[in-house]
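First comes the structure, then the notes that go with it.
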Amino acid sequence: MGYPNGLVSVSPGKQPLFSFGVITDVQYADIPDGRSFLGVPRYYRNSLLVLQKAIQNWNNRQSISFSLNLGDIVDGYCPKEQSLEAVKKVVKEFDNFNGRVYHMIGNHCLYNLPRSKLLPLLNLPSADCAYYDFSPIPEYRFVVLDAYDISAIGWPDDHPHTVEAVNLLNEKNPNLEKNSPDGLVGLERRFLKFNGGVGKDQLKWLDKTLQDATKSNQKVVVCCHIPLDPGATSKESLLWNYDEVMDVIHRYDCVKVCLGGHDHKGGHSVDTCGVHHRVLEAALECPPGTNAFGYIDVYEDRLSLIGTDRMASTEMDVYVPDFQLAMSGCNLKLYPFDLIYLLVLVMMIRR
Ligand SMILES: Nc1ccn([C@@H]2O[C@H](COP(=O)(O)O)[C@@H](O)[C@H]2O)c(=O)n1
Ligand SMILES: O=P(O)(O)OC[C@H](O)CO
């Protein structure tokens, strides 16, 4: 079977367990085209057409059981008196999908509306909490993280999470303009105001959720607007405490794939524990006539992203040999075969 960008399915004929749609960084605004700070063109009105195309495509397939919006539905340049209507307009567009849409919040959503006004509009499982999990089938669980839990955007100015974020930014980023990475070196370049972090309570919840998933023998997909792996994104687009989140994830071996947005060019990496990180290409940066959306077919042994136009197709295997995990310092589970392998290795070394 051929895919739009030339990839070929490795096991034609095999039915997916389920399929879901993906899109990110729509960043709609009813304003003329513009550019990012670094000069990359942004098409604020066309992005809504990209979303409409995505929904049409998912609906036509009939096999897409739900969709993920990885965040940033409205752009920060949207005139503030239009913010509420713009958010409602994009959510209404998503509602044309014949299935459930799971939304995530992004920095641009929070430039437009405070959390107290934004969250109730997004049909989240709980109207006052932006992290949650769901199971489309008993064998799979999706964990949605709130990347702006600790953030200088969105909470009231005197909220403890704003205070924690401002203190961290002051400690880590000496620039007056806290969105500027000037002078920051290596991974420290992530300490920018347009990024955020996962707070202590959310980390505990993540740990408990992954423990539950492990007990239930579920495979897990973690979704977060801000990417979690330096290999899949630029240093300026990384979650502040990506390392703490990944430490929790690597404690278990149930997480197979992490999905993100935010870094508009997209990216893909496989970390030291075999977890795939796929940062999706932004709808906002599609010149008129092009698209960036996709759907993911979930099979027993892999997740297959079928992208359209600017969203690259990606094969993500979900099998990681236990011995490889042991060698990389990840969660260690020894099976009889691994023990024999280790025994032979020790005997060879002692010779
Ligand atoms: N190298 C950079 C990048 C960004 N900024 C600041 O961040 C703001 C948002 O950037 P966009 O890519 O979304 O346009 C931008 O307006 C700058 O204030 C920066 O200072 N240096
Ligand atoms: O959220 P934006 O549009 O400000 O973009 C953030 C950048 O991707 C970070 O490099």
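Small disclaimer: the values here were computed from a predicted structure and weren't measured. Whatever order the structure lists ligands and atoms in, that order sets their numbers, starting from 1. Sequence positions, counted from 1, serve as the residue numbers for this chain.
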- prompt: Between Lys89 and Tyr28, does any side-chain donor sit less than 3.5 Å from a side-chain acceptor?
  reply: yes
Of all protein heavy atoms, the one nearest atom 9 (C) of ligand 2 is Ser237 OG, 3.0 Å
for atom 1 (O) of ligand 2, nearest protein heavy atom and its distance come out as Asn107 ND2, 2.8 Å
Candidates Arg189, His225, Lys193, His262; heavy atom nearest atom 5 (O) of ligand 2 found on His262
protein heavy-atom neighbour closest to atom 2 (P) of ligand 2 works out as His108 NE2, 3.2 Å
Worksheet item: Could Arg251 and Asp247 be called an ion pair, given the rule that one side-chain N must be under 4.0 Å from one carboxylate O?
Response: no
Quick note on ligand 1: atoms under 4.0 Å from a heavy atom of Pro181 include exactly 1 (N), 2 (C), 21 (N)
Given the options Phe142, Phe94, Phe97, Trp58, Phe66 meets ring pair (Phe, Tyr, Trp, His ring centres under 6.0 Å) only with Phe142
re atom 13 (O) of ligand 1, the protein heavy-atom contact at minimum distance is Arg42 NH1, 3.2 Å
Near Arg42 (heavy-atom distance under 4.0 Å), the atoms of ligand 2 are 3 (O), 5 (O)
Under 4.0 Å from one or more heavy atoms of Asp72, ligand 2 contributes atoms 1 (O)
Pro41 and Arg35 have their tightest heavy-atom pair at CG-NH1, 3.7 Å
Examine Phe134 together with Tyr102 and report whether their ring centres are nearer than 6.0 Å. yes
So the atoms of ligand 1 within less than 4.0 Å of a heavy atom of Ser180 turn out to be 19 (C), 20 (O)
Do His161 and Asp149 pair up side chain to side chain, a donor and an acceptor below 3.5 Å, judged on atom types alone?
yes
Per-atom filter on ligand 1: closer than 4.0 angstrom to a heavy atom of Glu177 are 18 (O)
Do Asp25 and His108 have a side chain donor and acceptor closer than 3.5 Å? no
Margin query: Please determine whether residues Ile150 and Val198 belong to a single hydrophobic cluster, defined as Ile, Leu, Val, Met, Phe, Trp and Tyr linked transitively by side-chain heavy-atom distances below 4.5 Å.
Written below: no
Within 4.0 Å of some non-hydrogen atom of Asp263, the atoms of ligand 2 are 8 (O)
query = Thinking salt bridges, do Asp297 and Arg61 make one under a 4.0 Å N-O criterion?
reply = no
(Q) Checking side-chain polar atoms at under 3.5 Å, does Tyr252 have a donor or acceptor matched by the opposite partner on Asp207? (A) yes
Ranked by distance from atom 7 (O) of ligand 1, the top protein heavy atom is Asn179 CB, 3.3 Å
So the atoms of ligand 1 within less than 4.0 Å of a heavy atom of Phe194 turn out to be 7 (O)
Does Ser36 reach ligand 1 with a nitrogen or oxygen that is under 3.5 Å from one of the ligand's nitrogen or oxygen atoms? no
With heavy atoms and a 4.0 Å threshold, my read on which part of Asp25 contacts ligand 2 is neither
Nearest non-hydrogen protein atom to atom 14 (O) of ligand 1, with distance, is Phe37 N, 2.8 Å
